[in-house]
Peer 1: 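Take a look at this one; I'll ask things after.
Everything numeric in this text was worked out from a predicted model, so none of it was measured. Starting from 1, each residue takes its place in the sequence as its number.
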Amino acid sequence: MKKISILGSTGSIGTQSLEVCEKHGFHVIAVAAHSNIELLEEQARKFKPKYVGIFNEEKYREMKSRLADTDVEILCGMEGLCRIAALEENDIVLNSVVGMVGLLPTLTAINAGKDVALANKETLVAGGAIVTSLAKEKGVKIYPVDSEHSAIFQCLQGNKREQLNKIILTASGGPFYGFTYDQLKNVTKADALKHPNWSMGSKITIDSATLMNKGLEFIEAKWLFDLDPDQIEIVVHRQSVIHSAVEYKDFAVIAQLGVPDMKIPIQYALLYPDRFECPTKPLSLTDYGTLTFGAPDYKTFKCLNAAIEGIRRGGAYPCLINSANEEAVSAFLHDKIKFIQIGEIVSSVLDNFEYTEITDYDDVIEADKAARDYVRQLIS
């Protein structure tokens, strides 16, 4: 029976991960969330973890009061997340928190020698070099939870890594696929939050609408699979049935297919290399009938182009791009800017910051702060 801690347990990935844990008898050692104390209490009472973490320190007293009749130890803030990540009992840590806050807990888990099921994009986008280097040093496995990276990971099994030619990252295209730049000027927050295939949190849903999500996944793929940017191709596949594919030197292409349900890649990451029945429905290709493919519009969806250019330049640029995007998306969700401005703001980072290296966590934090300050000044 595997022992697991889940960071971001009340989010979309976290709740689905607990479904998988329940089905397969995982021992949930700890759950942690940002501020959803109602759901966090419900999870604590159902799964009876030893620890519960609440990132929002203002909610700490209330969380402690809610669980006063239990033996659960309540932890709070970044210190609490990192303590959970490093617990000796952990067999694996699932990190599904949103944003840059996920980087330090990931590094802490790796430093403690714990395998990580990674659903926090920012960990590799902002700190890819230091994360992968530390994982190699500690002999720690990083299992991808994103459906696209899980698909690539699965397609690589049983084949020689050096015979890989390229990977093909599929993208749904989001709710605005086919829109012109002028059409994007008029879209609303409600429009942007309507993803055609996936049910996700608001930040990642907006990222999918701008195609920033695919840009972040492009950067992640570079670090996860040790690729050159030229070895990564993005293809728009509206049905989200082919989750991604790999092409080998003989031009054979192997793809992983399934219904668009995150429980499949979550389960593969947690149970690797075993496969068991998953709490989802099977894929029926005849129900879909037709699968379509197209090229992304890099000119209209500026976030995607900026992310790819950022990883090509290297150094702090991916971190700067990511942090600027987080600030811009937050501003959009709070009705401070228009949808079209997200891409404009993120792209402008490339022209307003010089190249700097990322050698440690402090470098990441410095770049993160610089990008956020820059965006706040732009929209103030």
Peer 1: Using a strict cut-off of less than 4.0 Å between a Lys/Arg side-chain nitrogen and an Asp/Glu carboxylate oxygen, indicate whether E19 and K23 qualify as a salt bridge.
Peer 2: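 Judged by the 4.0 Å cut-off on N to carboxylate O distance, E19 and K23 do not form a salt bridge.
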Peer 1: Are V145 and M262 packed together at the side-chain level, in the sense that at least one heavy-atom pair is separated by less than 4.5 angstrom?
Peer 2: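 In short, these two side chains touch, coming nearer than 4.5 Å.
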Peer 1: So, K114 side chain and N90 main chain: donor-acceptor pair closer than 3.5 Å or not?
Peer 2: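 Side chain of K114 to backbone of N90: a pair is present.
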Peer 1: Considering all heavy atoms of both residues, which atom of Q267 and which atom of F276 are nearest to each other, and what is their separation?
Peer 2: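 Looks like NE2-O, 2.8 Å.
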Peer 1: With the side chain counted from C-beta on, respond yes when S172 and Y177 share a heavy-atom pair under 4.5 Å apart, and no when they do not.
Peer 2: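 No, every pair of side-chain atoms sits at 4.5 Å or beyond.
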Peer 1: Please determine, by modelled atom types, if Y181 and K185 share a side-chain donor-acceptor pair under 3.5 angstrom.
Peer 2: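 Short answer, no.
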Peer 1: Could you state the interatomic distance from CE (M212) to CG (N325), rounded to the nearest 0.5 Å?
Peer 2: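 The distance works out to 4.0 Å.
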Peer 1: Between R83 and E79 (salt bridge meaning N to carboxylate O under 4.0 Å), is one present in this structure?
Peer 2: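 Looking at E79 together with R83, the answer is no, because their closest N to O distance does not fall below 4.0 Å.
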Peer 1: Take atom CG of D250 as the centre, draw a 6.0 Å sphere, and report whether it contains more than 12 heavy atoms from other residues, nucleotides or ligands.
Peer 2: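 Buried by this count: over 12 neighbours within 6.0 Å.
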Peer 1: Hey, does L103 have a side-chain heavy atom less than 4.5 Å from the side chain of V131?
Peer 2: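 Answer yes - side chains close enough.
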Peer 1: Would you call the rings of Y272 and F153 parallel, tilted or perpendicular if under 30° counts as parallel and over 60° as perpendicular?
Peer 2: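 It falls in the tilted class, 30° to 60°.
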Peer 1: Keeping H24 on the side-chain end and V20 on the backbone end, is there a donor-acceptor pair under 3.5 Å?
Peer 2: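 Judged by distance alone, no pair lies under 3.5 Å.
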Peer 1: Could you walk me through whether K138 and N111 satisfy the side chain to side chain contact (heavy atoms under 4.5 Å, CB included) test, starting with their C-alpha distance in whole Å, then the side-chain angles of each, then the deciding distance to 0.1 Å, before giving a yes or no?
Peer 2: CA-CA 7 Å; K138 297 292 183 178; N111 210 39; 3.2 Å; yes
Peer 1: Report yes or no: do F251 and F293 belong to one cluster of Ile/Leu/Val/Met/Phe/Trp/Tyr joined by side chain heavy-atom distances under 4.5 Å?
Peer 2: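 No, F251 and F293 fall in different hydrophobic clusters.
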Peer 1: Mind listing the closest non-hydrogen atom pair of S348 and Y374 along with its distance?
Peer 2: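 Looking at all heavy atoms of both residues, the closest pair is OG-OH, 2.7 Å.
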Peer 1: Spell out, as yes or no, whether a donor-acceptor pair under 3.5 Å connects the side chain of D146 to the backbone of H149.
Peer 2: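 Not at all, since once roles are kept as given, no pair shorter than 3.5 Å links the two residues.
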Peer 1: Evaluate the side-chain proximity of Y248 to K160: yes if any heavy-atom separation is below 4.5 Å, no if none is.
Peer 2: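 A side-chain contact is absent here, since even the closest heavy-atom pair is not under 4.5 Å.
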Peer 1: For residues I206 and I342, report the shortest heavy-atom separation together with the two atoms involved.
Peer 2: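 Minimum heavy-atom separation between I206 and I342: CG2-CD1, 3.9 Å.
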Peer 1: Please determine whether residues V236 and Y298 belong to a single hydrophobic cluster, defined as Ile, Leu, Val, Met, Phe, Trp and Tyr linked transitively by side-chain heavy-atom distances below 4.5 Å.
Peer 2: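 Hydrophobic grouping puts V236 apart from Y298.
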Peer 1: Taking NZ, NE, NH1 and NH2 as the nitrogens, is one of them in K249 or E162 under 4.0 Å from a carboxylate oxygen of the other?
Peer 2: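 Here K249 does not pair with E162 in a salt bridge, since their nearest N and O are not under 4.0 Å apart.
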Peer 1: Strictly distance-based, threshold 3.5 Å: is any side-chain N or O of N95 a donor or acceptor partner for the main-chain N or O of L118?
Peer 2: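 No: the side chain of N95 does not pair with the backbone of L118.
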Peer 1: If only atom types and distance count, is the side chain of S208 paired as donor or acceptor with the main-chain N or O of I204 below 3.5 Å?
Peer 2: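 It does hold such a pair.
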Peer 1: How close do I321 and V346 get, counting heavy atoms only, and between which atoms?
Peer 2: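 That closest heavy-atom pairing would be CD1-O, 3.5 Å.
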Peer 1: Where do L94 and S17 come nearest, in terms of heavy atoms and distance?
Peer 2: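 Taking every non-hydrogen atom into account, CD1-OG, 3.4 Å.
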Peer 1: Could you check whether any side-chain heavy atom of E122 comes within less than 4.5 Å of a side-chain heavy atom of V97, counting everything from C-beta outward?
Peer 2: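 The answer is no; the side chains never approach within 4.5 Å.
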Peer 1: Got a sec: does the CD of E354 have more than 12 other heavy atoms crowding it under 6.0 Å?
Peer 2: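 Atom CD in E354 is not crowded, with 12 or fewer foreign heavy atoms closer than 6.0 Å.
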Peer 1: Taking atom types as modelled, is there a side-chain donor on Q16 or S12 under 3.5 Å from an acceptor on the other?
Peer 2: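 Checked: Q16/S12 side chains pair up, N/O donor to acceptor below 3.5 Å.
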Peer 1: Using the rule that Ile, Leu, Val, Met, Phe, Trp and Tyr join whenever any side-chain heavy atoms are under 4.5 Å apart, tell me whether I4 and M1 fall into a single cluster.
Peer 2: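 In one cluster: no.
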Peer 1: Please identify which of these residues, I167, L211, I308, meets the side chain to side chain contact (heavy atoms under 4.5 Å, CB included) condition with I234.
Peer 2: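 Filter result, single survivor: I308.
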Peer 1: To the nearest 0.5 Å, tell me how far S133 OG sits from W223 CH2.
Peer 2: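 Here the rounded value is 9.5 Å.
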Peer 1: Should I6 and V98 be regarded as members of a common hydrophobic cluster, given that ILVMFWY residues are connected when their side-chain heavy atoms come within less than 4.5 Å of each other, either directly or indirectly?
Peer 2: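 The answer is no; the residues belong to distinct hydrophobic clusters.
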Peer 1: Check K203, R372, K336 against E327 for a salt bridge (charged side-chain N to carboxylate O under 4.0 Å, His left out) and give me the one that passes.
Peer 2: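 For E327, the salt bridge (charged side-chain N to carboxylate O under 4.0 Å, His left out) test succeeds with only one of K203, R372, K336, which is R372.
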Peer 1: If you compare all heavy atoms of I110 against all heavy atoms of V140, which two are closest, and at what distance to 0.1 Å?
Peer 2: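 Where I110 meets V140 most closely, the heavy atoms are O-CG2, 3.7 Å.
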Peer 1: Would you say that more than 12 heavy atoms from the other residues, nucleotides or ligands in this model lie under 6.0 Å from the CD of E366, or not?
Peer 2: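 It does not: E366 CD has 12 such atoms or fewer within range.
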Peer 1: Distance from H34 atom NE2 to K59 atom NZ, nearest 0.5 Å?
Peer 2: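 Going from the NE2 atom of H34 to the NZ atom of K59 covers 10.0 Å.
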Peer 1: Please check this pair: side chain of D360 against backbone of D362, looking for a donor-acceptor N/O pair closer than 3.5 Å.
Peer 2: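 Yes, D360 side chain to D362 backbone: donor-acceptor pair under 3.5 Å.
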Peer 1: Show, in sequence, the C-alpha distance, side-chain angles and deciding distance for L283 and Y288, and conclude whether the side chain to side chain contact (heavy atoms under 4.5 Å, CB included) test is met.
Peer 2: CA-CA 9 Å; L283 171 66; Y288 282 89; 3.7 Å; yes
Peer 1: Any chance you could measure I13, atom CD1, to T15, atom OG1, to the nearest 0.5 Å?
Peer 2: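 OG1 of T15 is found 8.0 Å from CD1 of I13.
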Peer 1: Do E217 and K214 sit within salt-bridge range, that is, some charged N less than 4.0 Å from a carboxylate O?
Peer 2: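 Result for this pair is yes, salt bridge flagged.
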Peer 1: If you round to the nearest 0.5 Å, how far is OG of S147 from CD1 of I266?
Peer 2: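 These two atoms lie 10.0 Å from each other.
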Peer 1: Assess whether a salt bridge exists between D261 and K281, defined as any Lys/Arg side-chain N lying under 4.0 Å from an Asp/Glu carboxylate O.
Peer 2: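 Salt bridge: no.
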Peer 1: Side-chain heavy atoms nearer than 4.5 Å, only ILVMFWY residues, links allowed to pass through others: does that put L39 and I84 together?
Peer 2: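 No, because L39 and I84 fall into different hydrophobic clusters, even though each may have its own neighbours under 4.5 Å.
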Peer 1: Kindly determine whether T170 and Q256 satisfy side chain to side chain contact (heavy atoms under 4.5 Å, CB included), including the steps that lead there.
Peer 2: CA-CA 11 Å; T170 55; Q256 186 263 324; over 6 Å; no
Peer 1: Are F301 and F176 side-chain neighbours, meaning at least one heavy-atom pair lies under 4.5 Å?
Peer 2: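 Yes, side chains in contact.
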Peer 1: More than 12 heavy atoms of other residues, nucleotides or ligands under 6.0 Å from NZ of K189: yes or no?
Peer 2: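 Atom NZ in K189 is packed in, count exceeds 12.
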Peer 1: Between R238 (side chain) and A171 (backbone), is there a donor-acceptor pair under 3.5 Å?
Peer 2: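 No, because the side chain of R238 does not come within donor-acceptor range (under 3.5 Å) of the backbone of A171.
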Peer 1: Could you tell me whether E220 and K121 make a salt bridge, using a distance below 4.0 angstrom between a side-chain N and a carboxylate O?
Peer 2: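 Salt bridge present between E220 and K121.
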Peer 1: Should the pair F332 and F339 be assigned to parallel (<30°), tilted (30 to 60°) or perpendicular (>60°) ring geometry?
Peer 2: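 Plane angle over 60°, so perpendicular.
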Peer 1: Evaluate whether atom CD of E58 has more than 12 neighbouring non-hydrogen atoms of other residues, nucleotides or ligands under 6.0 angstrom away.
Peer 2: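 Atom CD in E58 is not crowded, with 12 or fewer foreign heavy atoms closer than 6.0 Å.
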Peer 1: Drop me the distance from I29's CD1 to L87's CG, to the nearest 0.5 angstrom.
Peer 2: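 So the CD1 of I29 and the CG of L87 are separated by 7.5 Å.
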Peer 1: Without swapping roles, check the side chain of E57 against the backbone of C76 for a donor-acceptor pair under 3.5 Å.
Peer 2: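 Side chain of E57 to backbone of C76, a donor-acceptor pair under 3.5 Å: no, none is there.
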Peer 1: Given L270 and K2, is the side chain to side chain contact (heavy atoms under 4.5 Å, CB included) satisfied, shown in steps?
Peer 2: CA-CA 9 Å; L270 297 183; K2 277 191 176 182; 5.6 Å; no
Peer 1: Return yes when atom CZ of R61 has more than 12 non-hydrogen atoms of other residues, nucleotides or ligands closer than 6.0 Å, and no otherwise.
Peer 2: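 No.
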Peer 1: Can you tell if the side chain of L378 reaches within under 4.5 Å of the side chain of I337, non-hydrogen atoms only?
Peer 2: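 Not in contact.
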Peer 1: So, does D191 use its side chain to make a donor-acceptor pair with the main chain of T188 at under 3.5 Å?
Peer 2: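 Yes: the side chain of D191 pairs with the backbone of T188.
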Peer 1: Are there over 12 heavy-atom neighbours, none belonging to K263, within less than 6.0 Å of that residue's NZ?
Peer 2: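 Correct, the count exceeds 12.
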Peer 1: Do L350 and R313 have side chains that approach each other closer than 4.5 Å (heavy atoms only, starting at C-beta)?
Peer 2: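 Yes; the side chains approach each other to less than 4.5 Å.
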